[in-house]
Amino acid sequence: MKRDSGYSTMAEQQKQEEKLWHAMKLSASVLGTALLIVTALVNSVSWYVHSIWDILGHFWQTTWLKFYCLFGGKESTIFLLGAALVPGLAFWCFNGILMVADVTGKPTFITRYRIQPGKNDPVDTKKLRQAIYTALCNQFFISFPMLVPMFYIMKWWGNTFSKELPTFRWFLVELIIFTLIEEILFYYTHRLVHHPLLYKHIHKKHHEWTAPIGVVSIYAHPVEHIFSNTLPVMTGPMVMGSHIVSIAAWFSLALVTTSISHCGYHLPLLPSPEFHDFHHLKFNQCYGVLGVLDYLHGTDTVFRQSKAYERHRVLLSLTPLSESIPEVPKKAE
């Protein structure tokens, strides 16, 4: 009997080993097949992306050369168009759409995404006219004149008006650097103008709008517009010696994104404006652009405990986040 039990134990162990070996072979087969499929997909995607980059790169390079020749390579004209006209048009076209919604309350596709319900519904037209006037003055009498010294700095670098465009990958690297520089400079200059000695005389003007709208992004005291709005955006390209096309794209992107941050609407597929809207609501929270320095300095603690923080994400549906994540009703006193 003992001999029979020994044989059965050995047989069971052999079966278990065979099962284990079969499982290992099956796993290796599945993983190997998956690896081959993933590798093939990655290679295919990489090839297609590289092909698209090549096609787009050729298109933009050809377009840039035509534009360059159209103005006879005159650097001052090209710089004026790229650093002033293109970003200016991007800013006012985007804000023009928003202002129609602010004034008329239509289309409802935009207004239903209002972050602070009941505010600017409709916007005070007198305040709006003042904001537009100040924004135009800041652009024409501060931002544009500041481009003059920038032009000579870019000429000194020698790359800004090259006939060869930077690669898309290099532009992405520049974009990351620009954004980090803007975050650092904007955060600390913004906190500085919140100092009691400066706030009353400088930054209080911008905070007249506790529920901001897009054009208010550059509604500011001239000193603030120089040091907090303009220099943080201009510094990156001056440090990197960027091409004028990169400058035009970056300035346009910066103006549109700051308009989104101030617009008062949390629209689908666009970056969340909850962070900066909360700053206008509470004054002493959320000073930065990305929120990195706010996290490190602890100037977002109240924000992180709020419903606005839960809503601070890209909206991927058509349901307003103010409906899916509403504010907690205040208790009646």
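Values below: all heavy atoms of this structure, side chains included; hydrogens, waters and symmetry mates excluded.
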Among all residues two or more places apart in sequence or in another chain, which pass the side chain to side chain donor-acceptor pair (under 3.5 Å) test with Ser261?
none
For Leu316, what are the other residues in its hydrophobic cluster, where any two members join if their side-chain heavy atoms are less than 4.5 angstrom apart?
Leu269, Val314
Counterpart residues, side chain to side chain contact (heavy atoms under 4.5 Å, CB included), relative to Leu185 (two or more places apart)
Ile181, Pro232, Thr235
With sequence neighbours excluded, tell me which residues meet ring pair (Phe, Tyr, Trp, His ring centres under 6.0 Å) with Tyr133.
none
Under 4.5 Å side-chain linkage, directly or through intermediates, the cluster mates of Phe303:
Phe275, Phe278, Val302, Tyr309
Examine the side chains of His206 and His221 and answer whether a donor and an acceptor come within less than 3.5 Å of each other.
no
Counterpart residues, salt bridge (charged side-chain N to carboxylate O under 4.0 Å, His left out), relative to Arg112 (two or more places apart):
none
May I have all residue pairs that pass salt bridge (charged side-chain N to carboxylate O under 4.0 Å, His left out) and include part of residues 187-204, sequence neighbours excluded?
none
Kindly write out the residues that satisfy ring pair (Phe, Tyr, Trp, His ring centres under 6.0 Å) with His297, not counting sequence neighbours, or none if the list is empty.
Tyr187, Tyr188
Which atom pairs, one a donor and one an acceptor, fall under 3.5 Å between side chains of residues 74-91 and the rest of the protein, sequence neighbours left out?
none

Does Val100 sit in a hydrophobic cluster with other residues, and if so which ones, taking ILVMFWY side chains as linked at heavy-atom separations under 4.5 Å, directly or through other members?
none
Would you mind writing out the side-chain donor-acceptor pairs for residues 141-155 within the sub-3.5 Å range, not counting sequence neighbours?
unit_1 : atom_1 : unit_2 : atom_2 : d
Ser143 : OG     : His225 : NE2    : 2.8

List, one per line, each side-chain donor-acceptor pair under 3.5 Å for residues 247-256, sequence neighbours excluded.
unit_1 : atom_1 : unit_2 : atom_2 : d
Trp250 : NE1    : Val233 : O      : 2.8
Ser252 : OG     : Ala248 : O      : 2.8

